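Here the structure comes first, spelled out in structure tokens, and everything after it is commentary.
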Amino acid sequence: MHGRVNRPTISVTGVGVSYGDHVALRDVTLHAHAGEIVALVGPNGAGKSSLLRAIMGLQAHDGEVTVYTARPRAAAVAFVPQRADVDLQFPITLEQVVADGRRPFVGPWRPLRGVDRRAVEQAIATVALDGLQRRGIGELSGGQLQRAFIARALAQEAELLLLDEPLTGVDTPTGESLVNLLQTLAVNGRTIMLSTHDLAQVRHRFARCVVLNRTVLADGAPADVLRTERLEQIFLAHA
């Protein structure tokens, strides 16, 4: 891990993922820089979650994934899972979720220091969840849960945020609010990559999207790669 001016935060080169005989991803190459938001779009089973997990280091893969940061990948990269992947019955509060982001700084099983608690409080305030610190994760709405995991990433001081379907299961105002938050984080220098099926949000709110269906089919401005006449071709290709 190292940094250099003009280097991307994340570089994915020739990445492939297979589950037995099933090929989930093939020869995926893309790069993202600090301050950039990349929206991954594609049909169900296109490999979006597999790509995010490969970048995070949670999924075995071919090819290379390089994260150019000053810190090890486990500390510099944060993953925000889908709500469906979270055990909402687990007895943990919002504050405890966010505090988990400080573990790279204090180590396992050690108590948080004053600086860590202040970082947790600031992260919770940044995502506008003040007053909900003691609430269990099972009591949170979909949007609140997404904000809690984003707050964990902020407490972690992550440079790269990977979000798996953060706009799924939230109403329109909540989705708009989440996008506003992500754009603010990008302006402040974070690199963000998220998967989504919300093409309307992608068209109107994001500058770049990558169309994925086992491999990269298009990469660029949504107005260029999500033209109506191309959608059928894009979403059925390699199905």
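Since the structure is predicted, the reported quantities are computational estimates derived from the model, not experimental observations.
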I'd like to know if Val115 and Val106 are part of one continuous hydrophobic network [Ile/Leu/Val/Met/Phe/Trp/Tyr, side-chain heavy atoms within less than 4.5 Å].
no
Is the backbone N or O of Glu36 less than 3.5 Å from a side-chain atom of Arg208, with the two atoms forming a donor-acceptor pair by type?
no
Would you give the length of the straight line joining atom CG of Leu212 to atom OG of Ser50, rounded to the nearest 0.5 angstrom?
9.0 Å
Identified side-chain contact (heavy atoms from CB on, under 4.5 Å) counterpart of Met56 within the set Leu51, Val65, Val77
Val77
Working to the nearest 0.5 angstrom, can you tell me the gap between Asp198 CG and Glu165 CD?
9.5 Å
Any Leu226 side-chain heavy atom under 4.5 Å of Arg203 side chain:
yes
Quick one, His61 and Leu25 - any side-chain contact, counting heavy atoms below 4.5 Å?
no
salt_bridge(Arg134, Glu95) N-O dist < 4.0 Å:
yes
Atom of Gln156, atom of Pro104 and distance for their closest heavy-atom approach
CG-CG, 4.3 Å
For His204, does the NE2 atom have more than 12 heavy-atom neighbours from other residues, nucleotides or ligands under 6.0 Å away?
no
At their closest point, which heavy atom of Arg205 faces which heavy atom of Gln183, and how far apart are they?
O-NE2, 2.6 Å
Measuring from atom OG of Ser177 to atom CG of Leu182, what distance do you get when rounded to the nearest 0.5 angstrom?
9.5 Å
For Asp87, side chain to side chain contact (heavy atoms under 4.5 Å, CB included) partners two or more places apart:
Gln89, Phe90
Short question: side chain of Arg102, backbone of Ala155 - any donor-acceptor pair under 3.5 Å?
yes
Any link between Val187 and Leu161 through a network of hydrophobic side chains (Ile, Leu, Val, Met, Phe, Trp, Tyr) touching at under 4.5 Å?
no
side-chain contact (heavy atoms from CB on, under 4.5 Å) between Val225 and Cys209, worked out:
CA-CA 8 Å; Val225 302; Cys209 75; 3.1 Å; yes
Is Asp116 close to Val120 at the side-chain level, that is, under 4.5 Å between some pair of heavy atoms?
no
Treating Thr174 as the side-chain partner and Val170 as the backbone partner, does any N or O pair qualify as donor plus acceptor under 3.5 Å?
no
If you draw the axis of the six-membered ring of Phe149, does the NZ or CZ of Arg152 fall within 45° of it and under 6.0 Å from the ring centre?
no
Donor-acceptor contact below 3.5 Å, side chain Arg103 vs main chain Arg110:
yes
Residue pair Gln122 / Thr126, side-chain donor-acceptor N/O under 3.5 Å:
yes
Show your reasoning for whether side-chain contact (heavy atoms from CB on, under 4.5 Å) applies to Leu132 and Gln144.
CA-CA 9 Å; Leu132 302 181; Gln144 289 170 338; 3.6 Å; yes
Rounded to the nearest 0.5 Å, how far does CZ of Arg26 lie from CG of Asn213?
9.5 Å
Taking C-beta and beyond as the side chain, do Gln146 and Val80 meet within less than 4.5 Å on heavy atoms?
yes
Student check: side-chain heavy atoms of Leu154 and Val98 closer than 4.5 Å:
no
Heavy-atom side-chain contact between Thr191 and Glu159 under 4.5 Å
no
Given 3.5 Å as the limit, does a donor-acceptor pair link the side chain of Arg190 with the main chain of Leu160, or not?
no
Any sub-3.5 Å donor-acceptor pair from Arg71's side-chain atoms to Glu157's backbone N or O?
yes
Given the rule in the side-chain contact (heavy atoms from CB on, under 4.5 Å) test, do Val15 and Thr29 qualify, once you have shown the distances and angles that lead to the verdict?
CA-CA 7 Å; Val15 164; Thr29 296; over 6 Å; no
For the student: nearest non-hydrogen atoms of His22 and Arg214, plus distance:
CE1-NH2, 4.0 Å
Show the numbers, then the answer: is there a side chain to side chain donor-acceptor pair (under 3.5 Å) between His33 and Thr9?
CA-CA 5 Å; His33 292 76; Thr9 304; over 6 Å; no
When you look at CZ of Arg117, are more than 12 heavy atoms from neighbouring residues, nucleotides or ligands closer to it than 6.0 Å?
no
Between Glu139 (side chain) and Gly136 (backbone), is there a donor-acceptor pair under 3.5 Å?
yes
Looking only at atom types and distance, does a side-chain atom of Thr184 sit under 3.5 Å from a main-chain N or O of Asn180, one as donor and one as acceptor?
yes
Side-chain heavy atoms of Ile137 within contact of Val97, under 4.5 Å
yes
For side-chain contact (heavy atoms from CB on, under 4.5 Å), just list the numbers for Leu178 and Ile150, CA-CA rounded to whole Å, side-chain angles, deciding distance to a tenth of an Å, and then say yes or no.
CA-CA 10 Å; Leu178 284 170; Ile150 292 172; 4.2 Å; yes
Would Val23 and Val211 show up in the same hydrophobic cluster when neighbours are defined by side-chain heavy atoms closer than 4.5 Å?
no
Contact between Leu167 and Val179 at the side-chain level, heavy atoms closer than 4.5 Å - yes or no?
yes
Would you give the length of the straight line joining atom CG of Leu194 to atom CZ of Phe206, rounded to the nearest 0.5 angstrom?
5.0 Å
If you compare all heavy atoms of Thr215 against all heavy atoms of Asp27, which two are closest, and at what distance to 0.1 Å?
OG1-O, 3.7 Å
Nearest-0.5 Å distance that lies between atom CG in Leu30 and atom CD1 in Ile55:
6.0 Å
CZ (Arg113) with more than 12 external heavy atoms under 6.0 Å:
yes
Testing the basics here: between Leu40 and Lys48, what is the closest heavy-atom pair and its distance to 0.1 Å?
O-CD, 3.6 Å
Nearest heavy-atom pair of Ile192 and Ala186: which atoms, and what distance?
CD1-N, 4.1 Å
